[in-house]
Amino acid sequence: MGHDVEELSQVLRVRQEKLKALREKGVEPFEYSFDPTKRSTEAISVFEASESTGSLSDKGYGNVERIGGRVVSWRDMGKSLFAHLEDGQGRVQVYFRKDVLGDEEYEALDLLDLGDWIGTEGNMFRTRSGEVTIRAQSWKLLTKSLRPLPFGKVETDAQTGQRVVHSGFADQEMRYRQRYADLAVNPEVREVFRLRSRVITSLRGFLDSQGFLEVETPVLQPLYGGAAAKPFVTEHNALSQTMYLRVADELYLKRLIVGGLDRVYEISKDFRNEGLSRYHNPEFTMLEWYQAFTDYDSQMQLVEEMVQHVLDEVVGGRSVMLGETEINFNGSFDKLGLIDSLSEALGADVHTMDQKALRSKAEELQIPDLEGAGTGKLIDKLFGELVEPSLVQPTFVVDHPKELSPLAKEHRSDPRLTERFELYIGGAEVFNGFSELNDPIDQRSRFETQMSLRAAGDEEAHEIDEDYIRALEYGMPPTGGVGMGVDRFVMVLANQQSIRDVILFPILRSEE
RNA sequence: GCCCCGCUAGCUCAACUGGUAGAGCAACUGACUCUUAAUCAGUAGGUUCGGGGUUCGAGUCCCUGGCGGGGCACCA
């Protein structure tokens with residue numbers, strides 16, 4: 001922003017001039033407070049109630065209210081004027097009349113713009129065209145807006161009653177960079193984030209009701225782990241020590257199970273230093289929980305209950321639309337063996353295929369970047385190519401290869417596999433859980449396998465966490481645990497195509 | 001990191017093979033005391049993302065840089 005008014009574009013200059021004019025009239029353009037009697041929608045409801053009980057005045061006036069809000073529409077008709085105010089609840093029309101306000105207070109309305117915050121007081125009434133409106137007896141500027149918000153023109157379709165926006169704020173980049181403007185002009189964006197908040201409240205309520213304890217574990221960690229991911233690295237000055245932003249909460253939460261906090265959960269921001277996509281933001285919200293004495297079967301049961309609980313509470317039904325597809329959460333979710341489903345897709349038994357056979361299949365399918373991929377990775381790639389895209393309805397994929405799951409317990413009936421599940425919804429992995437590996441000796445050897453992968457160039461492989469092994473040596477009871485991608489779950493419930501549309505301030509490159 | 005597409009007025013978008021950069025909304029001036037994409041008349045508003053090049057002439061073509069979107073890679 002330039003200090004020199006001359007340099008400003010026309011639209012900004014005009015507002016600076018109005019600001020100056022207001023100050024010259026002795027009007028404070030940035031008020032300290034306001035005391036509304038109600039918010040918009042509530043004021044309308046009260047009016048409608050008295051309307052139905054026939055308790056309006058002879059002239060049709062109802063309750064007197066003071067309402068504060070942002071001016072979002074403006075129709076000047078000379079000696080009277082209609083505007084809409086929007087507040088945290090909704091919007092309400094205001095009717096200004098010259099003969100009611102008097103010349104001076106009416107003419108001062110000229111100094112207002114779309115985007116200004118004002119307060120007004122008057123009776124509620126219903127206009128000839130049927131809209132419940134506040135008839136302004138007085139008004140007051142609360143905050144002058146010095147920069148025009150990119151409002152579109154809003155039409156209500158006469159047939160459907162649908163809100164239609166003409167030439168609204170659509171530039172994706174600006175909507176993310178200036179989320180405040182996006183929220184200010186696009187009420188449906190505000191709704192997405194209200195929904196997100198309700199989802200998190202509901203998840204928390206569910207776990208609390210099941211006797212889980214919400215805890216907080218370190219974001220800054222001397223050693224990261226719990227996921228195959230590259231970390232963000234930082235430095236603690238006083239300790240002169242390298243610290244990592246967590247990639248998962250897993251290892252700390254399981255230390256708490258060792259400590260006897262037998263049902264714990266954490267809602268956390270995790271950080272993974274990797275690329276961006278419609279399913280990946282480097283900073284994202286994870287819910288992880290661990291429950292002693294359970295295995296992955298009972299955790300799948302719990303996930304199902306939890307998902308249905310949230311649907312019932314937040315959506316009010318067991319299905320949602322995701323794009324053109326209806327996602328149905330009723331009943332038990334399907335279960336697919338990872339190896340079995342891949343075998344079927346390949347038309348060959350994956351268990352009998354060696355690394356070479358898997359590789360040639362992958363090459364046949366022209367799957368890129370196979371260099372250095374071991375058996376587990378090849379299976380993962382093939383599965384991602386052949387099976388994953390079809391997992392639109394909620395589906396548990398179960399029993400992953402050991403190599404891919406260094407923290408999961410060996411499968412009780414197949415030593416090549418682990419007791420692990422992932423729940424896919426809309427083609428994306430949303431939940432991931434397993435029977436937790438609690439044998440410290442097995443855990444050490446898994447870490448050692450990871451170290452050799454690391455030595456072979458896999459930057460995401462785990463390092464050995466000696467302190468974690470020490471904890472397991474004290475004894476961790478049989479435990480089931482689950483991690484949940486909260487953002488991805490919200491995407492499904494809010495019918496959003498990109499993770500950026502459910503994160504208020506997604507990561508973007510700096511403007512300069 | 002790679003591929004494709006995009007970036008023009010405050011916002012949403014035009015501008016055929018290179019030939020004076022336009023419209024709607026917003027803004028400004030004026031009219032209008034129940035409007036609601038209000039309406040009507042008029043006015044103003046531009047570093048066409050930055051830099052370089054080709055050309056008599058570049059929003060348009062070439063090179064280069066920036067940012068974004070989509071895809072790929074990466075992603076227990």
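Residue numbers start from 1 in every chain, and the chains themselves are labelled A, B, ... in the order their sequence lines are given, proteins ahead of strands. Keep in mind that the numbers below use all heavy atoms, side chains included, and drop hydrogens, waters and symmetry copies. Just so we're clear, the structure is a prediction, and the values are computed from it rather than from any experiment.
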[X] [atom1] to [N] [atom2]: how many Å, rounded?
X: A/L114; N: B/C28; atom1: CG; atom2: C1'; result: 14 Å
X: A/K98; N: B/C32; atom1: NZ; atom2: C1'; result: 12 Å
X: A/L12; N: B/A26; atom1: CG; atom2: C1'; result: 12 Å
X: A/M174; N: B/G6; atom1: CE; atom2: C1'; result: 13 Å
X: A/Q178; N: B/G10; atom1: CD; atom2: P; result: 13 Å
X: A/D380; N: B/A73; atom1: CG; atom2: C1'; result: 14 Å
X: A/R500; N: B/G69; atom1: CZ; atom2: P; result: 4 Å
X: A/L149; N: B/U12; atom1: CG; atom2: C1'; result: 16 Å

Taking atom [atom1] in both [N] and [M], what distance in whole Å separates the two?
N: B/A26; M: B/C62; atom1: C1'; answer: 38 Å
N: B/U20; M: B/A58; atom1: C1'; answer: 13 Å
N: B/G52; M: B/G68; atom1: C1'; answer: 23 Å
N: B/U54; M: B/C11; atom1: P; answer: 34 Å
N: B/C49; M: B/U39; atom1: P; answer: 31 Å
N: B/U36; M: B/G71; atom1: P; answer: 42 Å
N: B/G45; M: B/U29; atom1: C1'; answer: 15 Å
N: B/U8; M: B/G50; atom1: P; answer: 10 Å

Ring geometry between A/F396 and A/F421 (parallel below 30°, tilted from 30 to 60°, perpendicular above 60°): perpendicular
Ring pair (Phe, Tyr, Trp, His ring centres under 6.0 Å) involving A/F125 - partner list, sequence neighbours excluded: A/Y95
With A/H462 via ring pair (Phe, Tyr, Trp, His ring centres under 6.0 Å) - residues at least two apart: A/F447
Taking [X] for its side chain and [Y] for its backbone only, find out whether a donor-acceptor pair lies under 3.5 Å.
X: A/D487; Y: A/T285; answer: yes
X: A/E463; Y: A/M451; answer: no
X: A/R416; Y: A/K402; answer: no

Determine the contact category for [X]: base if any of its heavy atoms lies under 4.0 Å from a base atom, sugar-phosphate if only primed atoms, P, OP1 or OP2 are that close, otherwise nothing.
X: A/E422; answer: nothing
X: A/L81; answer: nothing
X: A/F96; answer: nothing
X: A/L251; answer: nothing
X: A/L407; answer: nothing
X: A/K402; answer: nothing
X: A/E429; answer: base
X: A/G152; answer: nothing

A/L378 side chain reached by A/K381 side chain, heavy atoms, under 4.5 Å: no
Evaluation steps, side-chain contact (heavy atoms from CB on, under 4.5 Å), between A/R163 and A/V154: CA-CA 7 Å; A/R163 192 184 123 95; A/V154 180; 3.6 Å; yes
Could you check which of [options] has an atom nearest any side-chain atom of [X]?
X: A/R177; options: B/A27, B/U35, B/G68; value: B/G68
X: A/S167; options: B/G10, B/U33, B/U12; value: B/U12
X: A/Q172; options: B/G69, B/A73, B/A27; value: B/G69

Is the phosphate of [N] approached by [X] (side-chain N or O, under 4.0 Å from OP1 or OP2)?
X: A/R509; N: B/C67; value: yes
X: A/K381; N: B/C74; value: yes
X: A/K18; N: B/A27; value: no

Heavy-atom closest pair, residues A/Q221 and A/A248: NE2-O, 3.8 Å
Upstream residue (5' side of RNA chain B) when A/L112 and A/A229 are each assigned their closest nucleotide: A/L112
Residue mapping more 5' on RNA chain B - nearest nucleotide basis, A/Y176 or A/K79: A/K79
Canonical and wobble pairing (Watson-Crick, G-U, under 3.5 Å) of RNA chain B, dot-bracket with |: (((((((..((((.....[..)))).(((((.......))))).....(((((..]....))))))))))))....
Salt bridge (Lys or Arg N to Asp or Glu O under 4.0 Å) partners of residues 430-443 of chain A, not counting sequence neighbours, each pair once: A/K254-A/E436, A/D442-A/R446
Test salt bridge (charged side-chain N to carboxylate O under 4.0 Å, His left out) applied to A/R75 - qualifying residues, sequence neighbours left out: none
Residue that, paired with A/Y224, satisfies ring pair (Phe, Tyr, Trp, His ring centres under 6.0 Å) out of A/F271, A/Y252, A/Y468, A/Y244: A/Y244
Letter per nucleotide, 5' to 3', of nucleotides 36-51 of chain B [B base touched, S only sugar-phosphate touched, - untouched; heavy atoms, 4.0 Å]: BBB-----BS------
